Amino acid sequence: MSYLEIKNNLLNIKKEINNSIESEKLKNFFNYIEKKYSVEQNIIKQYFKKRYALSLGNLKPSEYNINISKYQNKKLLLSLIYFLGFKTLVFIKSIKVKKKIETKIIIDDLKSERELDRMISLFSDTKQKDKVFILRKKFKNYENKNVNIIVQEDFIGYSREIIKKNITLFDFIEIFYLIKYSFKSKLNLFNLYNKFLNDFLYFSSLYSKVEGRIIFQERILGRTNILKNYLFKRKYKGRNGYLQTHLIPYDTQALFFDCDIFFSMGCNSFSSIKDLDAKINEVVPIGSNNLNYYLLDNSNFSKEEETFRSVGESIDILFIGSNVTNNTRNNWEGYYETIRWLKKLSNDNDLSIFIKHHNTWIKDKNEINISSNSNINYLPQHLNTYYFALKADLLITYCSTLGIEIIPLNKTVYFTNPHNNNNFLNKELEDDKIVINTFEELEKKICKRQSMPSSNFDNYGINYKKTKFLLFEKLNKI
């Protein structure tokens with residue numbers, strides 16, 4: 001199944017979701033929510049559509065052509081119990097908000113120390129009082145970062161005033177509507193409504209603790225949130241911005257993408273979500289912040305240089321690996337077939353071939369078994385991948401974002417698609433002839449390497465040395 005077929009099947013899923021949520025059967029249900037929370041109905045419906053799409057996250061791309069209705073959870077009683085438990089928990093864990101921080105930029109949805117460090121680096125030239133970092137959970141060392149931080153966890157620390165104003169523990173009218181229209185629409189509305197209510201309380205509480213003009217986040221895949229954006233704009237007349245950090249696959253997580261300002265890597269580096277009718281008010285290409293962070297802000301490469309010398313200062317082919325063991329949605333046979341191609345190349349040619357994984361890689365027994373008994377070598381995963389990508393003569397990957405990040409640096413990069421089912425590919429990659437479908441094609445490309453015309457570089461990324469400048473050129477106008 002080609003990426004075009006996957007795209008068309010995703011558009012069919014989107015159509016089914018639209019039909020379900022826009023159905024006349026749910027008209028009174030959405031009227032009720034609109035009146036209860038004073039949120040515009042088009043925002044509520046769009047939010048429900050996004051959550052519906054995310055609930056299909058376990059579907060493999062090869063299953064996108066099936067009837068999605070059978071994947072709806074019908075366990076209404078269990079969902080009702082969970083819903084009442086959720087309301088009880090947020091009541092118990094709520095707090096009285098005493099004061100509000102005033103700032104300019106709110107950097108939201110940070111879930112790890114690595115993400116926090118990247119954002120601290122990106123906003124390092126901003127005054128301390130003009131930025132606040134929002135953590136979704138507490139993690140080690142966050143208190144030692146010497147920046148303004150608010151920890152807003154799910155279900156914990158919501159504003160008691162907002163909860164009392166908006167929810168009642170046993171709201172029989174609410175439960176009646178949820179049960180009635182779940183049966184009427186043949187959807188489990190408890191699941192979708194529970195997500196809506198949690199996000200409504202979460203962001204309403206957050207905005208009672210911090211005021212700003214811009215809310216900004218790094219995570220995009222499955223994480224854009226129209227309700228969050230709406231509540232922020234309503235309360236502070238502020239704008240929201242999302243930063244592209246990854247190659248965006250044709251996936252249910254990419255459906256119903258909603259964003260005010262999208263800080264993309266390149267002019268066409270997000271074509272998959274454009275194909276899926278994303279709602280983006282403004283696109284500002286700024287290049288790759290990962291390149292900016294891992295090459296510009298972290299310039300001590302002594303260990304990388306030592307390793308490069310140890311391999312004879314020669315890397316003919318570098319394969320950029322992916323973390324496939326914890327992603328069961330995708331069919332990874334094409335990825336493993338690429339490893340087989342590299343094994344055959346290494347045994348039949350006098351080429352220095354290396355595999356490099358990021359330091360988050362979970363060792364993959366399948367990959368290690370396939371690459372054994374070959375002349376392929378692994379570079380230490382804890383070292384900087386971007387350093388070795390710049391040193392390699394040619395780069396190959398199946399789906400690593402680094403593949404498109406490195407193109408504007410005039411590197412020769414090829415994506416592989418052995419079984420014609422790589423849903424990370426898009427039209428730009430195909431048109432620029434950097435997708436390889438067979439081993440024979442790979443051999444020819446290696447013998448006759450051809451760099452991409454520099455006129456196409458901006459499609460994939462802007463010079464990473466300009467990333468901060470381009471970002472703040474826009475933010476300072478808001």
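Predicted model, so just to flag it, every value in this text is computed and none were measured.
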d(Leu122 CG, Ile107 CD1) to nearest 0.5 Å is 8.5 Å
Those residues at least two apart in sequence (or on a different chain) that pass salt bridge (charged side-chain N to carboxylate O under 4.0 Å, His left out) with Lys209 are none
Q) Would Arg309 and Glu306 satisfy side-chain contact (heavy atoms from CB on, under 4.5 Å), going step by step from the backbone distance to the final call? A) CA-CA 5 Å; Arg309 286 194 296 270; Glu306 183 182 339; 3.9 Å; yes
Per ring pair (Phe, Tyr, Trp, His ring centres under 6.0 Å), Phe196 is matched among Tyr47, Phe203, Tyr52 by Tyr47
- Side-chain donor-acceptor pair under 3.5 Å between Asn289 and Asn292, yes or no? yes
Checklist entry - Do other residues, nucleotides or ligands put more than 12 heavy atoms under 6.0 Å from Glu440 CD? => result yes
Pair Tyr336-Asp364, side-chain donor/acceptor within less than 3.5 Å: yes
Are the side chains of Asn290 and Glu405 in touch, meaning some heavy atoms are under 4.5 Å apart? yes
Next item on the list: Starting from the C-alpha separation in whole Å, work towards a yes-or-no answer on side-chain contact (heavy atoms from CB on, under 4.5 Å) for Ile407 and Asn456.
Entry: CA-CA 9 Å; Ile407 287 173; Asn456 292 7; over 6 Å; no
What one should report as the nearest heavy-atom pair of Asn347 and Ser374 is OD1-CA, 3.4 Å
- prompt: Can you check side-chain hydrogen bond (donor to acceptor under 3.5 Å, both in side chains) on Lys445 and Thr412, steps first, answer last?
  reply: CA-CA 10 Å; Lys445 294 285 188 184; Thr412 303; over 6 Å; no
When every non-hydrogen atom of Thr307 is compared with those of Pro380, the smallest separation belongs to CG2-CD, 4.0 Å
May I ask you to check whether over 12 heavy atoms, not counting those of Lys433, lie within 6.0 Å of atom NZ?
no
NZ of Lys228 to CD1 of Ile43, rounded to nearest 0.5 Å, is 14.5 Å
query: Can Arg340 and Glu337 be said to form a salt bridge (charged side-chain N to carboxylate O under 4.0 Å, His left out), step by step?
result: CA-CA 5 Å; Arg340 294 186 186 96; Glu337 183 63 19; 3.2 Å; yes
Looking only at heavy atoms, the pair that brings Leu10 and Thr252 closest together is CD2-N, 3.7 Å
Closest heavy-atom pair, Ala389 versus Leu402, reported as atoms and distance to 0.1 Å, is CB-CD2, 3.8 Å
**OP:** Step through it carefully: locate the ring centre of Tyr335, locate the ring centre of Phe319, and say whether they are under 6.0 Å apart.
**Re:** yes
Criterion salt bridge (charged side-chain N to carboxylate O under 4.0 Å, His left out) on Lys145 and Asp117, from CA distance to verdict: CA-CA 9 Å; Lys145 298 297 182 180; Asp117 287 342; 2.8 Å; yes
ask   = Is the Phe139 ring parallel, tilted or perpendicular to the Tyr142 ring (thresholds 30°, 60°)?
value = perpendicular
Here the salt bridge (charged side-chain N to carboxylate O under 4.0 Å, His left out) pairs for residues 344-360, sequence neighbours left out, are Lys344-Asp348
Determine, for Glu304 against Lys391, whether the closest basic-nitrogen to carboxylate-oxygen distance falls under 4.0 angstrom. no
**Message:** I want to check something: taking the side chain as every heavy atom from C-beta on, are Thr467 and Phe263 in contact at a cut-off of under 4.5 Å?
**Reply:** no
task: Measure the shortest side-chain to side-chain distance between Lys104 and Ile478 over non-hydrogen atoms and say whether it is less than 4.5 angstrom.
output: no
When you measure from the side chain of Asn384 to the backbone of Tyr294, do you find a donor-acceptor pair of N or O atoms at a distance under 3.5 Å? yes
Exercise. Would you please indicate yes or no on a ring centroid separation below 6.0 angstrom for Phe424 and Tyr398?
Key: no
Of all heavy-atom pairs linking Asn375 and Ser346, the shortest is ND2-O, 3.0 Å
**Asked** Quick one: are the ring centres of Phe257 and Phe270 less than 6.0 Å apart?
**Response** no
Taken to the nearest 0.5 Å, the spacing of Ser352 OG from Ile376 CD1 works out to 11.5 Å
List the steps, then state whether side-chain contact (heavy atoms from CB on, under 4.5 Å) holds for Ile353 with Lys343. CA-CA 9 Å; Ile353 300 176; Lys343 180 175 182 176; over 6 Å; no
Checklist entry - Do Val413 and Ile434 have side chains that get closer than 4.5 Å, going by heavy atoms? => result no
| message | I'd like to know if Arg223 pairs up with Asp109 as an ion pair, taking the criterion as any Lys NZ or Arg NE/NH1/NH2 lying under 4.0 Å from an Asp or Glu carboxylate oxygen. | response | yes
- Can a cation-pi geometry be assigned to Arg136 and Tyr202, taking NZ or CZ under 6.0 Å from the six-membered ring centre and within 45° of the ring axis? yes
Requested in this report: Kindly assign one of parallel, tilted or perpendicular to the pair Phe133 and Phe123, based on the angle between their ring planes and the thresholds 30° and 60°.
Outcome: perpendicular
To the nearest 0.5 Å, atom CD1 of Ile404 lies from atom CG of Asn426 at 7.5 Å
Could you tell me whether the side chain of Gln217 and the main chain of Arg219 form a donor-acceptor pair under 3.5 Å? yes
Fill in: pair Ile462-Pro408: side-chain heavy atoms closer than 4.5 Å
no
I would like to know whether Phe256 and Arg51 meet side-chain contact (heavy atoms from CB on, under 4.5 Å); could you show each step before the answer? CA-CA 9 Å; Phe256 303 104; Arg51 284 298 180 178; over 6 Å; no
Paired with Phe232, the side chain to side chain contact (heavy atoms under 4.5 Å, CB included) test is passed by just one of Asn225, Ile215, Leu227, Ile214, namely Ile215
Carefully, step by step, assess Asn194 and Asn191 under the rule side-chain hydrogen bond (donor to acceptor under 3.5 Å, both in side chains). CA-CA 5 Å; Asn194 205 87; Asn191 291 342; over 6 Å; no
- Message: Under a 3.5 Å distance rule, please check whether Thr103 uses its side chain to pair with a backbone N or O of Lys131 as donor and acceptor.
- Response: yes
**Message:** For the NZ atom on Lys195, are there more than 12 heavy atoms of other groups (residues, nucleotides or ligands in this structure) within a distance under 6.0 Å?
**Reply:** no
Heavy atoms of Val283 and Ser264 approach each other most closely as CG1-OG, 3.6 Å
Next on the checklist: Contact between Thr401 and Met265 at the side-chain level, heavy atoms closer than 4.5 Å - yes or no?
Outcome noted: yes
| query | Got a donor-acceptor contact below 3.5 angstrom from the Thr224 side chain to the Cys259 backbone? | reply | no
- Item | Parallel, tilted or perpendicular: ring planes of His357 versus Tyr378, cut at 30 and 60 degrees | parallel
Between Lys411 (side chain only) and Leu390 (backbone N and O only), is there a donor and an acceptor less than 3.5 Å apart? yes
Neighbour count above 12 (heavy atom, 6.0 Å) for Asn146 CG:
no
Rounded to the nearest 0.5 angstrom, the CG-CG distance for Asn377 and Leu379 is 8.0 Å
Value for OG1 (Thr338) from CZ (Phe415), rounded to nearest 0.5 Å, stands at 11.5 Å
Is the shortest side-chain heavy-atom distance between Asp260 and Asn229 below 4.5 Å? no
Worksheet item: Are Asp316 and Ile446 close enough that some pair of their side-chain heavy atoms sits under 4.5 Å apart?
Response: no
